[in-house]
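For reference, the structure discussed in these notes is given below.
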Amino acid sequence: MNEQTETKREEEKVNEEVVEESAQAEAAQEQEVVAEPTVEEQLAAAQAQVATLQDSYLRAMAEMENSRRRADEAIERAHKFAVEKFAKNMLPVIDSLEKALEVAGDEKSPIIEGVEATYRQLVKAMESSGMVEINPVGEKFDPTKHQAITMVPAMEGQTSGHVAQVFQRGWLINERVLRAALVSVVQ
């Protein structure tokens with residue numbers, strides 16, 4: 001029995017070697033087939049890569065242009081509205097000068113003339129900074145620019161929904177409301 005077992009083992013060994021050799025031969029054939037792409041295949045692959053890179057480049061350029069445009073817009077807004085906080089703090093000063101001139105009436109003393117000159121200079125400085133006052137007497141009520149304090153009955157020549165009286169003028173800064181005008185509106 002020993003001889004038969006040895007013979008069987010030798011046959012199995014030979015069979016394993018044959019199977020291994022045929023597997024190596026098949027792998028070698030596959031490598032030969034896959035190993036060398038044709039010139040056309042190489043050209044097509046290179047063209048696809050160029051198209052991908054060109055698309056990436058165009059997208060990066062567009063993103064850079066958008067970023068530059070957004071930065072320019074932010075700088076422009078900052079320039080337009082940089083004076084906003086200061087201007088808001090100056091509005092009570094203008095109001096006080098207006099009240100002083102209102103109380104003085106027609107009196108023409110040097111002090112009143114100085115207050116008038118100061119008021120004119122301050123208003124001119126505000127306007128040169130892009131501010132415009134809102135004095136809407138007789139205009140149609142606009143809730144984006146006016147704040148209604150009271151409603152008054154319509155008198156002769158007044159139209160419903162229009163501003164009858166201005167208690168405190170409002171201000172715009174570069175077309176944006178800095179302070180709404182305090183008004184009474186005709187019923």
Side-chain angles (χ1 to χ4, degrees), residues 1-94 121-136 139-148 161-163 168-183 185:
M1 252 215 231
N2 273 342
E3 284 185 86
Q4 285 181 343
T5 308
E6 281 185 6
T7 309
K8 260 188 175 180
R9 283 186 194 160
E10 287 179 5
E11 287 177 2
E12 287 176 2
K13 202 176 194 183
V14 169
N15 285 340
E16 287 176 5
E17 289 176 2
V18 169
V19 170
E20 191 178 329
E21 287 177 5
S22 64
Q24 288 176 354
E26 286 180 55
Q29 284 178 347
E30 288 178 7
Q31 284 180 353
E32 289 176 7
V33 171
V34 177
E36 197 63 42
T38 65
V39 172
E40 290 82 18
E41 292 172 341
Q42 290 176 347
L43 178 61
Q47 287 174 338
Q49 186 178 14
V50 166
T52 303
L53 292 174
Q54 187 174 23
D55 182 59
S56 297
Y57 170 76
L58 290 175
R59 288 178 189 272
M61 290 300 289
E63 181 61 31
M64 185 179 70
E65 182 64 27
N66 288 340
S67 295
R68 187 194 57 75
R69 184 184 44 77
R70 283 191 299 268
D72 288 347
E73 288 172 358
I75 289 169
E76 184 178 329
R77 276 193 310 276
H79 286 174
K80 268 186 177 179
F81 301 112
V83 72
E84 185 173 4
K85 185 175 179 183
F86 176 74
K88 213 173 229 182
N89 291 333
M90 292 306 293
L91 292 179
V93 175
I94 292 175
Q121 286 176 337
L122 186 55
V123 168
K124 186 177 179 181
M126 298 290 260
E127 288 174 349
S128 69
S129 296
M131 294 184 60
V132 178
E133 72 179 32
I134 304 171
N135 192 5
E139 295 178 6
K140 184 160 178 61
F141 177 74
D142 181 356
T144 61
K145 295 180 180 177
H146 311 140
Q147 182 178 352
H162 282 70
V163 175
Q168 184 180 53
R169 285 183 288 182
W171 287 86
L172 296 173
I173 184 167
N174 294 309
E175 304 299 319
R176 187 163 80 182
V177 175
L178 182 63
R179 179 178 77 185
L182 301 178
V183 299
V185 181

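By convention here, the first residue in the shown sequence is residue 1.
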Determine, stepwise, if the pair E65 / R69 fulfils salt bridge (charged side-chain N to carboxylate O under 4.0 Å, His left out). CA-CA 6 Å; E65 182 64 27; R69 184 184 44 77; over 6 Å; no

Taking every heavy atom of P136 against every heavy atom of H146, the minimum-distance pair comes out as CB-NE2, 3.2 Å

Sequence neighbours left out, what passes side-chain contact (heavy atoms from CB on, under 4.5 Å) with A82? Give chain and number order. none

The criterion is side-chain hydrogen bond (donor to acceptor under 3.5 Å, both in side chains); which residues satisfy it with E20, sequence neighbours excluded? none

side-chain hydrogen bond (donor to acceptor under 3.5 Å, both in side chains) against E63, all qualifying residues, sequence neighbours excluded: R70

Which residues pass the side-chain hydrogen bond (donor to acceptor under 3.5 Å, both in side chains) test with D142, sequence neighbours left out? T144

From CD (Q54) to CD (Q47), nearest 0.5 Å: 12.0 Å

Among all residues two or more places apart in sequence or in another chain, which pass the side-chain hydrogen bond (donor to acceptor under 3.5 Å, both in side chains) test with R176? E84

Side-chain donor-acceptor distances from residues 123-134 under 3.5 Å, at least two apart:
{"from": "S128", "atom 1": "OG", "to": "K124", "atom 2": "O", "distance (Å)": "3.4"}
{"from": "S128", "atom 1": "OG", "to": "A125", "atom 2": "O", "distance (Å)": "2.9"}
{"from": "S129", "atom 1": "OG", "to": "A125", "atom 2": "O", "distance (Å)": "3.1"}
{"from": "E133", "atom 1": "OE1", "to": "R169", "atom 2": "NH1", "distance (Å)": "3.1"}
{"from": "E133", "atom 1": "OE2", "to": "R169", "atom 2": "NH1", "distance (Å)": "2.5"}

Side chain to side chain, E139 and K145, heavy atoms closer than 4.5 Å: no

Decide yes or no for D72 and E76: does some side-chain heavy atom of the first lie under 4.5 Å from some side-chain heavy atom of the second? no

What heavy-atom pair brings F141 and V163 nearest, and what distance separates the two atoms? CA-CG2, 4.3 Å

Measure the spacing between CD1 of I173 and CG of L178 and express it to the nearest 0.5 Å. 6.0 Å

